[in-house]
Amino acid sequence: MIDWDPLVLTFKLAAITTGILLVIAVPLAYYLAYSRSKLKPILETLVSMPLVLPPTVLGFYLLVTFSPGHPIGRFIENELGIQLLFSFPGLVIGSVIYSLPFMVQPIQAGFAGLPHALKEASYVLGKSRFTTVIRVLLPNMKPALLSAVVLAFAHTVGEFGVVLMIGGNIPGRTRVASIAVYDEVEALNYDLANTYSLILFAITFLLLLLVYLFNGGYLKRLFHKMRT
Amino acid sequence: MIDWDPLVLTFKLAAITTGILLVIAVPLAYYLAYSRSKLKPILETLVSMPLVLPPTVLGFYLLVTFSPGHPIGRFIENELGIQLLFSFPGLVIGSVIYSLPFMVQPIQAGFAGLPHALKEASYVLGKSRFTTVIRVLLPNMKPALLSAVVLAFAHTVGEFGVVLMIGGNIPGRTRVASIAVYDEVEALNYDLANTYSLILFAITFLLLLLVYLFNGGYLKRLFHKMRT
Amino acid sequence: AEKHTQTIRIATAANMQYAMRELIKEFSAHHKIGCDMIVSSSGKLTGQITAGAPYDIFVSADMKYPEEIFEKGLSFEKPKVYAYGQLVLWTTTDSISPTLETLKQDHIQHIAVANPKTAPYGVAAMQVLDKYDLMNDLKEKLVYGESIAQTNQFITSKAAEIGFTAKSVVLSPTMKNQGNYTEIDEKAYDRIRQGIVRIKRTDAENKNTRIFYNFIFSPEAQQILKTNGYAIP
Amino acid sequence: MIEISLQKKLNTADGNMMMQADFEVESGIIHTIYGASGTGKTSIFRMLAGLLTPDAGKIVVNGQTWYDAANKINRKPQQRNVGFMFQDYALFPNMSVRKNLEFALKNEQNRVIIDQLMDIIALNELQHRKPETLSGGQKQRVALARALVNKPDLVLLDEPLAALDKPMRQKLQKYVAEVQRELGFTMLLISHDVGEILKLSQGISVLENGQLSPPREPASFFTSSAVSGKFQFEAEVIHIKREGIVFILNLLVGNRLIKIVAQPDDVENLHVGDQVIVASKGFNPLIYKV
Amino acid sequence: MIEISLQKKLNTADGNMMMQADFEVESGIIHTIYGASGTGKTSIFRMLAGLLTPDAGKIVVNGQTWYDAANKINRKPQQRNVGFMFQDYALFPNMSVRKNLEFALKNEQNRVIIDQLMDIIALNELQHRKPETLSGGQKQRVALARALVNKPDLVLLDEPLAALDKPMRQKLQKYVAEVQRELGFTMLLISHDVGEILKLSQGISVLENGQLSPPREPASFFTSSAVSGKFQFEAEVIHIKREGIVFILNLLVGNRLIKIVAQPDDVENLHVGDQVIVASKGFNPLIYKV
Ligand SMILES: Nc1ncnc2c1ncn2[C@@H]1O[C@H](COP(=O)(O)OP(=O)(O)OP(=O)(O)O)[C@@H](O)[C@H]1O
Ligand SMILES: Nc1ncnc2c1ncn2[C@@H]1O[C@H](COP(=O)(O)OP(=O)(O)OP(=O)(O)O)[C@@H](O)[C@H]1O
Ligand SMILES: [Mg+2]
Ligand SMILES: [Mg+2]
């Protein structure tokens, strides 16, 4: 019997994570692309570091940090009143940390690849840095943005090490699809695992395909044809 | 007691995987960036699909595919004489498959962001497509290349789901550092796990820092200063 | 290459790793046979063995996985029980007393159990909760570890105030003096039978594997298992 | 009044060079900066727009200090209200022609200016096209229009019409002169086209060897000899053809080809490519308006 | 001999337009394509270079068919051996000035050409600089040099000197003419500069409303009236000044400013900006070589 809860949870998690990552990554990537600070290479390196640790291990460190025994965990729980462990918000934070490099790196490369003239022309027209980023720079690096979003989204869908560790695999709350598939494989229920994998695969495939069709202008052309 | 074998193995795996990925990803990304085929959005989507499955699950499917019970596995073993399961070559292939999107996506975005004029100018000068890619296009998308290489490398260092599944955690052969850390965490040997994590972290940090320093021209300036 | 002919590979379920380390030590003291221990979850190890993993012996945490292997014709014999796992309730917070009654109290927000789908200790824990009619009250507090190992991490990190785990864990060298535990009445759950099989990699039996297999059932080995928190057959 | 004093070390084709540009320009006029390729004209513009920081100096526009090295004042480009037409256009590739202009609008600004400008650059038909699909001259026209949209205090035009054919160029010259007169903004112009300079600008400064000369009147700068009742001009010999007993010379005067009849001894030492002066003692021109 | 017949639908500022360009050019000459901004000059070049596929037509260069729609022949740009100087330069940002030129070398080619070209474009000092740090005119010079490095059969120059000051422009015009004569390659030129066209090219075709006119002689194309013993030229009035009882007119002839003395009744209806014809019945010029 297929349980749809994990799938819903997965795409909810992936969507929220991707959204938050976009908001964080754009300014960070902007800074990394344009800063001339001596600290920049260090920061650049640090951004990629979440990748180096196996997800479960990263998850374990997050588990320890978020636990009430740890000053940070205690602070978050007591002062901010947020329960991070074994909860959906915790999953989101874990996923955001782990997928950060996938979002930052391509966007940074995108910024770095843009000609300086764009920025300059916008500044001279009196536009603020924010307006310039939103209306001039980002729209001119769509391929980079797209690859960042796709990487972060797909990776969050498939990620399960961190999520498993700080989420506690609670049905309906933190049990996402990747864990469900994993469980079935562990339990040697290969048929069910295949079914889950296929569904996960199919939904994500369709989502991304839509994105790419849209990006390639195929949809536009299709609608155009239909109208005429 | 620290066992250095897994660390050596890890960086060997990451280096080889990154190298192979570069060779595969550049032509693939080139095709995806410039093709006008209708199949392109489908191929684009497929490239990101390895990310959607939890690594252990992907590893499981690879395990099944590579096993002598499967036609593909039998073919590879009997006809090509390569033993993929529980061997280093198998790890490489697994890592290559899993990290493919990290390499392809940023490079594709890099190609897509280049002005057409570069390609055209090179063609008109009589240069082949290969020469154009190697000498004109790639050198003008260094940020994208760099982010692809860093993502793929760091990810291979940290990856352990696929590797654990098809590698089998065999000391000296397929037991990479990420698995070692994972093992120690599992065994509740937190001290040893911390030590491993730190070493892994430190080495990768230094490696990437060197790369970024070099890329930012800091090293050049340093040498320059030293000489003068 | 020489080392390989001499060495046997022992695929070990995660919860057995502490005991196995001692067993290997004891074994090596008497035999000139190298042992490599490969630790993973029973599920993964089963999958790998099915795919032809070069393991010689499989020391599982239950009977389901070795039976699967036997049915596929990948072992020399039917799985044999070498030990029974024992369930304990464990906390690393000193102020909490690890009893079933405390579980209902408000300051216990999370109770770690292993995933009953994949881990025998998880199945046992659920049976205990059912037996004492605690399930309805505690359902919301349960957090599931992928394996017994992850359940331990929940407990040791104090992310979960308390949890069900294997006695072998709380007696392990690294955890020996940490926190408090109480054993759960063995009658409250089905016995956790842990099985062992020799893997059929070639048709010829490996002499060394046989020697190790026999060793596990020797009185010395059984004694080691006992001190590590297992009941012996 | 615009008072500028700029110092900047440039790395030019003749090696490192200290550029010193001091000049004052009255408000509301068009002033040309003239000089050879690579002498630093664009760099001066970039310093005025706030895109390049001078090594030392001062920029005061209509009484407001935009830059003052001594007092560490350095306004951001956004705070300078300049219109800069870049030599390489710097259009926004993601925006259509019209959107490129609209982007330049100030918040409260009346949008009719966009339609006016679209008409003038004669690209109405292409208003929804992206810059990538425009011809060189079309891009240049969009860039020019964009620099004028938000009615800046100071307009910097870097070779604004170099890629245009003559009729279009004349049309836009006329428009630039008109709009400048109407709105009264101050304009600096970089151009290599003498006709354009003469037609548009009221002053000229020449940048040479890193020094900007004091402003002069363009006409006097480009006229090589004084008038003394006679008529005289420089030209280049393009073609020499014998026709009966006389020769017909094709001469290039500026960008114009004229033919004159010459005597054999005039032509004796003359070759194609030679620079000559044509003069006449008694010249009574007939002038027809066309 | 270069025989070209091209058809291509273009989306211009005046709407969709079918461009038809048929022309033949003798080998070894410089021929100009002239026309307003956005009429399709660059598009013709791109079709010749193989960067744009015509809708129909044929391109035959020195007997080799590069393109033939009817027979489905379409050589790749690499197989055409053209030198293309792009209107927007298209330099390789990753390569220094020298490397940009070296990249254009053919395998077996003698490298001395690089040094020669570096000398001619006067950028030796900047040879190790990246294009990004060059001025507009410097980039243009590099682009011109790069198009000539590998001695192509057909050289396409798209506004090659538009961004340059007059002395540099003259120097390079001279060089282009020389090198073309020496190496004998065929050259097509897009230019808006009449002087340049007259000096460099032996033929001119005009692109207008999508039609390319038959080749003409440039001098005859630009000379508006025939010679009849008298002297006559068109000019624009730049300035009118009274001096005593006469007027001094500043006239722009092409790019040159000349002054002439005029009588009050000549000036009566004249305003700045008017186009005039200046003529003289009896004009006996004195011609001095300078
Ligand atoms: N970003 C840069 N970094 C270093 N040097 C530069 C940079 N931009 C321009 N230069 C150099 O500064 C000098 C002046 O350049 P600038 O662009 O101001 O010249 P210009 O007078 O506008 O020339 P042109 O008429 O050719 O456009 C040139 O020699 C050029 O090589
Ligand atoms: N990539 C393109 N896609 C669609 N239309 C284009 C493209 N490039 C140019 N055009 C259009 O084709 C027409 C001819 O362009 P082309 O560049 O050949 O003009 P041109 O004669 O070189 O003009 P200019 O003197 O301004 O450079 C123009 O109207 C232009 O808008
Ligand atoms: Mg310039
Ligand atoms: Mg053009």
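Proteins get letters first, then strands, A, B, ... in listed order; numbering begins at 1 in each.
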Legend entry - chain B contact via C/Gln178 - side chain, backbone, both or neither, heavy atoms under 4.5 Å: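 Nothing of C/Gln178, per the 4.5 Å heavy-atom cut-off to chain B.
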
Inset, instruction - Return yes when atom OH of B/Tyr34 has more than 12 non-hydrogen atoms of other residues, nucleotides or ligands closer than 6.0 Å, and no otherwise. - result: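 For B/Tyr34, atom OH is crowded (more than 12 foreign heavy atoms under 6.0 Å).
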
Under 4.5 Å from a heavy atom of chain C, the part of [X] involved:
X        : result
B/Leu188 : both
B/Tyr182 : side chain
B/Leu164 : both

Legend entry - Ring geometry between C/His31 and C/Phe215 (parallel below 30°, tilted from 30 to 60°, perpendicular above 60°):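 Ring orientation, 0 to 90° scale: perpendicular.
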
Inset, instruction - Would you please indicate yes or no on a ring centroid separation below 6.0 angstrom for B/His155 and B/Tyr98? - result: yes

Legend entry - Among B/Val64, B/Val185, B/Thr56, residue most engaged with chain C (heavy-atom pairs, under 4.5 Å): B/Val185

Inset, instruction - For chain C, find which of B/Ile170, B/Asn189, B/Asp183 contributes the most heavy-atom pairs closer than 4.5 angstrom. - result: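 Result: the option with the highest number of such pairs is B/Ile170.
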
Legend entry - Test applied, side-chain contact (heavy atoms from CB on, under 4.5 Å); reference residue, C/Phe164; option that passes from C/Thr151, C/Val88, C/Ile184, C/Ile155: C/Ile184

Inset, instruction - Answer yes when C/Lys72 and C/Glu68 have at least one side-chain N-carboxylate O distance shorter than 4.0 Å, and no when they do not. - result: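 Salt bridge between C/Lys72 and C/Glu68, a charged N being under 4.0 Å from a carboxylate O: yes.
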
Inset, instruction - For the residue pair C/Glu183 and C/Gln86, establish whether any side-chain heavy-atom pair is separated by less than 4.5 Å. - result: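 Yes, side chains in contact.
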
Legend entry - Distance, nearest 0.5 Å, that separates OG1 of B/Thr10 from OH of B/Tyr196: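 Here the rounded value is 9.5 Å.
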
Inset, instruction - Kindly compute the distance separating CG (C/Asn115) from CE (C/Met126), expressed to the nearest 0.5 Å. - result: 8.5 Å

Inset, instruction - Spell out the residues in residues 41-60 of chain C that have some non-hydrogen atom less than 4.5 Å away from a non-hydrogen atom of chain B, in order of number; otherwise answer 'none'. - result: C/Lys44, C/Gly47, C/Gln48, C/Ala51, C/Gly52, C/Ala53, C/Pro54, C/Tyr55

Legend entry - side chain to side chain donor-acceptor pair (under 3.5 Å) partner of C/Thr165, the single match among C/Thr156, C/Asn152, C/Asn15: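 Exactly one option meets the side chain to side chain donor-acceptor pair (under 3.5 Å) with C/Thr165, and it is C/Asn152.
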
